[in-house]
J.: 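For reference, the structure I am asking about is given below.
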Amino acid sequence: MHFYLEVTLDGKFSLNEKFGNYTASLEVINNLASGVIIQTKRDAQRIIFSRKPNEIEIDESCDRQVFIRMIKDFGAILSSNPELLFERGKANLNHNYFAQYIFCGPIPTTSTPFSDIYYLSPGSRVCLKKQTIRLGVTPPPRKSNFIAALDDLIERKTRDKKAVSIEFSGGLESSVLLHSVINSKYNGSLELIHATDSESGEADDLTRVRQLADLYNLNLTVIDQQDAIPFQIKKCASLRPNFPHSGLVNIDYIDILSEVALSDDALILNGCGGDSLFRSWPQSWLSLELIRSGKPLSALKWIYHLSDYTRSSFGLTIVDSLKDYKEIKLKISNPGLYFAKPTIASGILSKEYQPEEFICQLRDFAGAASMSVRERYIDALLNQHEMLSSPIASIPGCYYTPFLSDESISSSLAIPSTKLLKNKINRYELRKLAVDKYGAPSLWHTRKGSFTGLTQRCIQRNKRQIEEFILGGYFSRFLDTDRVRQEITAVAAGVRKCPSVILNLFTAGIFVHHWRGRVYDI
């Protein structure tokens with residue numbers, strides 16, 4: 001259920017619940033020690049709390065979207081639905097937000113697609129008097145067993161649910177989630193949802209997924225991308241996305257997931273985040289950090305493992321490490337600029353529509369002294385924002401990524417980066433911990449399926465419609481039309497991998513399509 005909350009400068013709370021019984025309703029608890037707490041009634045998950053009259057904090061464990069509009073001399077209004085915060089029923093589109101999105105995709109920021117409405121990520125702190133937002137601090141790495149922490153999280157999250165579904169690729173993270181749920185006390189229905197592409201030239205893990213479903217007697221839903229074809233120009237059936245997002249490339253898949261999420265007491269689990277925290281692609285430049293830390297033998301050992309993993313010579317591995325090290329320094333010092341793709345985007349967007357700077361707002365992490373840990377942390381927060389801003393996440397409390405909880409991030413970052421690769425096995429420590437706990441040798445399985453050529457085939461088949469949609473849409477006035485046509489033609493011909501700017505333009509257009517009639521600009 002969406003909520004609408006008014007907070008005055010003197011700390012008075014007024015809570016209403018609106019627009020459908022999407023999830024457990026909320027309650028306000030007045031406690032002199034803690035101030036005011038707003039939490040779910042069913043599982044007592046804290047969403048918002050206030051220790052001081054003119055301050056609000058979003059709990060670090062909050063798994064739903066929270067938006068705020070500041071009102072001078074009054075306080076603020078908050079909601080899980082930004083439309084409830086529109087003045088006089090409509091809002092203006094935030095052009096600065098879209099310019100950055102087209103360049104960078106969804107990177108963490110308090111800005112939203114709507115002017116004067118801000119997004120409050122987990123851990124955010126709002127000073128009503130000063131009308132400012134601070135992002136808070138993530139606790140330092142906590143040396144606890146990651147799998148034990150994950151199991152505890154799954155136990156708490158699934159305890160009162162009637163139905164749990166896992167977006168199940170068959171890869172490591174989704175398999176760990178499956179074994180964690182099976183090992184928990186959860187006794188409701190459990191379903192696996194697997195996406196495949198029957199036309200892909202590279203087989204995915206469908207055979208393995210079917211075997212696992214049979215082994216544990218689980219319901220399995222297989223979504224063939226040829227039946228749920230990407231790049232459709234239409235609206236989602238059951239929800240309105242609150243952010244432009246890469247997920248909007250595939251409306252049919254969103255519709256299937258939203259139908260699951262909207263069923264009674266349902267929870268969808270996604271394994272996103274493990275790739276970042278445990279490095280599915282190892283940190284090639286880590287040897288330089290080890291040398292600078294006075295650990296030459298550890299550096300040589302890392303190069304040996306990396307050379308084995310990438311099947312490259314020792315010399316080439318060292319050269320690549322030096323090259324990557326420069327990029328990582330930029331990523332850590334200026335994440336916004338690093339994630340921007342100015343080469344192609346600058347030629348496609350008109351100069352007056354290009355952002356002056358790329359703002360990536362991240363919570364501080366006092367315990368991340370080393371570059372290797374800080375990079376893992378940055379990628380985890382990027383993933384966290386991407387999942388919390390996804391279309392499915394606009395349904396409150398029904399979509400959850402356990403690897404991206406604060407507990408998971410803290411315990412995983414306590415594992416040294418040098419333990420994440422051993423010979424040809426990546427994410428080694430995660431695999432080892434999971435096998436030790438669950439006794440499932442299949443977790444050592446390293447092959448990963450993919451949808452080879454799916455984007456290129458979809459753009460080739462729908463080239464004209466995609467081109468007309470982008471060039472005839474809201475953002476057309478800001479584009480070099482000839483350059484857009486060149487890029488789409490090159491992708492359709494298989495000459496070039498689809499640049500992110502084209503995907504971002506398409507999904508930004510789909511987002512605007514959903515909000516037509518509810519914003520002033522269109």
J.: Just by distance, with hydrogens left out, do Ser165 and Glu191 show a side-chain donor and acceptor under 3.5 Å apart?
T.: yes
J.: Checking Tyr216 now: which residues fulfil ring-ring contact (aromatic ring centres under 6.0 Å, His included) with it, not counting sequence neighbours?
T.: His179
J.: With sequence neighbours excluded, what pairs up with Gln456 under the side chain to side chain contact (heavy atoms under 4.5 Å, CB included) test?
T.: Gln460
J.: If we count only N and O atoms by modelled type, under 3.5 Å, do the side chains of His2 and Ser80 hold a donor and an acceptor together?
T.: yes
J.: Would the Phe243 and Tyr119 ring centres measure less than 6.0 Å apart?
T.: yes
J.: What distance do Ile56 atom CD1 and Arg51 atom CZ have between them, rounded to the nearest 0.5 Å?
T.: 13.5 Å
J.: For a side-chain hydrogen bond (donor to acceptor under 3.5 Å, both in side chains) check, start with the C-alpha distance between Asn183 and Tyr438, then their side-chain angles and the critical distance, and finish with the verdict.
T.: CA-CA 8 Å; Asn183 274 264; Tyr438 308 129; 5.9 Å; no
J.: Does atom NZ of Lys235 have more than 12 heavy-atom neighbours, drawn from other residues, nucleotides or ligands, at distances under 6.0 Å?
T.: yes
J.: Donor-acceptor pair, Glu199 side chain versus Gln226 backbone, under 3.5 Å?
T.: no
J.: Given side-chain contact (heavy atoms from CB on, under 4.5 Å), test Leu190 with Leu178 step by step and report yes or no.
T.: CA-CA 9 Å; Leu190 178 59; Leu178 170 62; 4.1 Å; yes
J.: Check side chain to side chain contact (heavy atoms under 4.5 Å, CB included) between Val435 and all other residues, then give those that pass, not counting sequence neighbours.
T.: Leu443, Trp444
J.: Considering residues at least two apart in sequence or located in another chain, which fulfil the side chain to side chain donor-acceptor pair (under 3.5 Å) criterion with His385?
T.: none
J.: Return the CD to CZ distance between Glu173 and Phe168, rounded to the nearest 0.5 Å.
T.: 11.0 Å
J.: Is any side-chain N of the basic residue among Lys331 and Asp324 closer than 4.0 Å to the acidic one's carboxylate O?
T.: no
J.: Quick one: closest heavy-atom pair of Asp227 and Asp252, and the distance?
T.: O-OD2, 3.9 Å
J.: For the backbone of Leu306 and the side chain of Thr310, can you confirm whether one donor and one acceptor N or O come within less than 3.5 Å of each other?
T.: yes
J.: For the residue pair Leu269 and Val181, what are the closest heavy atoms and their distance?
T.: CD1-CG2, 3.8 Å
J.: Tell me yes or no: between the side chains of Tyr97 and Thr109, is some donor less than 3.5 Å from an acceptor?
T.: no
J.: Do side-chain atoms of Glu155 reach the backbone of Lys185 as a donor and acceptor pair under 3.5 angstrom?
T.: yes
J.: Pair Asp224, Thr196 - check side-chain hydrogen bond (donor to acceptor under 3.5 Å, both in side chains), show working.
T.: CA-CA 5 Å; Asp224 191 334; Thr196 188; 5.9 Å; no
J.: Tell me, please, which residues at least two apart from Arg431 pass side chain to side chain donor-acceptor pair (under 3.5 Å).
T.: Asn426
J.: Where do Ala508 and Pro244 come nearest, in terms of heavy atoms and distance?
T.: CA-CB, 4.0 Å
J.: Would you give the length of the straight line joining atom CG of Asn16 to atom OG of Ser79, rounded to the nearest 0.5 angstrom?
T.: 10.0 Å
J.: Test Tyr253 against every option in Ile223, Ile392, Ile229 by the side chain to side chain contact (heavy atoms under 4.5 Å, CB included) rule and name the one that passes.
T.: Ile223
J.: Keeping to residues at least two apart or across chains, list the salt bridge (Lys or Arg N to Asp or Glu O under 4.0 Å) pairs with something in residues 207-216.
T.: none
J.: Among side-chain atoms of Thr138 and Tyr377, is any donor-acceptor pair under 3.5 angstrom?
T.: yes
J.: Which heavy atom of Pro82 sits nearest a heavy atom of Phe67, and at what distance?
T.: CD-CE1, 3.5 Å
J.: Show, in sequence, the C-alpha distance, side-chain angles and deciding distance for Lys162 and Ser189, and conclude whether the side-chain contact (heavy atoms from CB on, under 4.5 Å) test is met.
T.: CA-CA 7 Å; Lys162 292 181 181 178; Ser189 68; over 6 Å; no
J.: Could you pull out the closest heavy-atom pair between Cys360 and Pro335, with the gap in Å?
T.: SG-CB, 3.8 Å
J.: How would you list, by chain and number, every residue that makes a side chain to side chain donor-acceptor pair (under 3.5 Å) with Thr158, sequence neighbours excluded?
T.: none
J.: Is there a side-chain contact (heavy atoms from CB on, under 4.5 Å) between Leu248 and Cys236? Walk through the geometry before answering.
T.: CA-CA 9 Å; Leu248 292 172; Cys236 299; 4.3 Å; yes
J.: Would the distance check show the side chain of Asp255 and the main-chain N or O of Ala237 forming a donor-acceptor pair, the cut-off being under 3.5 Å?
T.: yes
J.: Does Gln232 reach the main-chain N or O of Ile251 with its side chain, forming a donor-acceptor pair under 3.5 Å?
T.: no
J.: Nearest 0.5 angstrom please: Ser390 OG to Ile395 CD1, how far?
T.: 9.5 Å
J.: Does the salt bridge (Lys or Arg N to Asp or Glu O under 4.0 Å) test come out yes or no for Asp59 and Arg64, once each step is laid out?
T.: CA-CA 10 Å; Asp59 196 82; Arg64 62 199 68 203; over 6 Å; no
J.: Could you name each residue pair satisfying salt bridge (Lys or Arg N to Asp or Glu O under 4.0 Å) that touches residues 241-251, not counting sequence neighbours?
T.: none
J.: Quick one: does Arg376's side chain have a donor or acceptor within less than 3.5 Å of a partner on Ser412's backbone?
T.: yes
J.: With rounding to the nearest 0.5 angstrom, report the CG to CG distance, Leu177 to Leu192.
T.: 11.0 Å
J.: Looking at Lys234, is its backbone amide N or carbonyl O close enough to the side chain of His513 to form a donor-acceptor pair, meaning the two atoms are under 3.5 Å apart?
T.: no
J.: Which pair of heavy atoms, one from Ser408 and one from Leu150, lies closest together, and at what distance?
T.: OG-CD1, 4.1 Å
J.: The criterion is side chain to side chain donor-acceptor pair (under 3.5 Å); which residues satisfy it with Asn145, sequence neighbours excluded?
T.: none
J.: Would you please name every residue forming a side chain to side chain contact (heavy atoms under 4.5 Å, CB included) with Leu503, sequence neighbours left out?
T.: Phe231, Val249, Cys498
J.: Examine distances only and state if a side-chain atom of Glu407 and a backbone atom of Ala149 form a donor-acceptor pair shorter than 3.5 Å.
T.: no
J.: For Asn423, I'd like to know if atom CG has over 12 heavy atoms of other residues, nucleotides or ligands within 6.0 Å.
T.: yes
J.: Can you tell whether the side chains of Arg363 and Glu60 come within less than 4.0 Å, N to carboxylate O?
T.: no
J.: Quick one: does any side-chain atom of Ser287 pair with a main-chain N or O of Trp302 as donor and acceptor, under 3.5 Å?
T.: no
J.: Just jot down the side chain to side chain contact (heavy atoms under 4.5 Å, CB included) partners of Lys157, sequence neighbours excluded, or say none.
T.: Gln45, Asp63, Leu267, Tyr400
J.: Going by ring pair (Phe, Tyr, Trp, His ring centres under 6.0 Å), name the pairs with one or both residues in residues 262-286, residues two or more places apart or in two chains.
T.: Phe146-Phe278, Trp281-Tyr309
J.: Can we say Arg374 and Glu289 salt-bridge, meaning some charged N sits less than 4.0 Å from an Asp/Glu carboxylate O?
T.: no
J.: Could you grab the distance from atom OG of Ser389 to atom CD1 of Ile107, nearest 0.5 Å is fine?
T.: 11.0 Å
J.: Would you check if the side chain of Ser307 reaches a backbone N or O of Tyr304 as a donor-acceptor pair within less than 3.5 Å?
T.: no
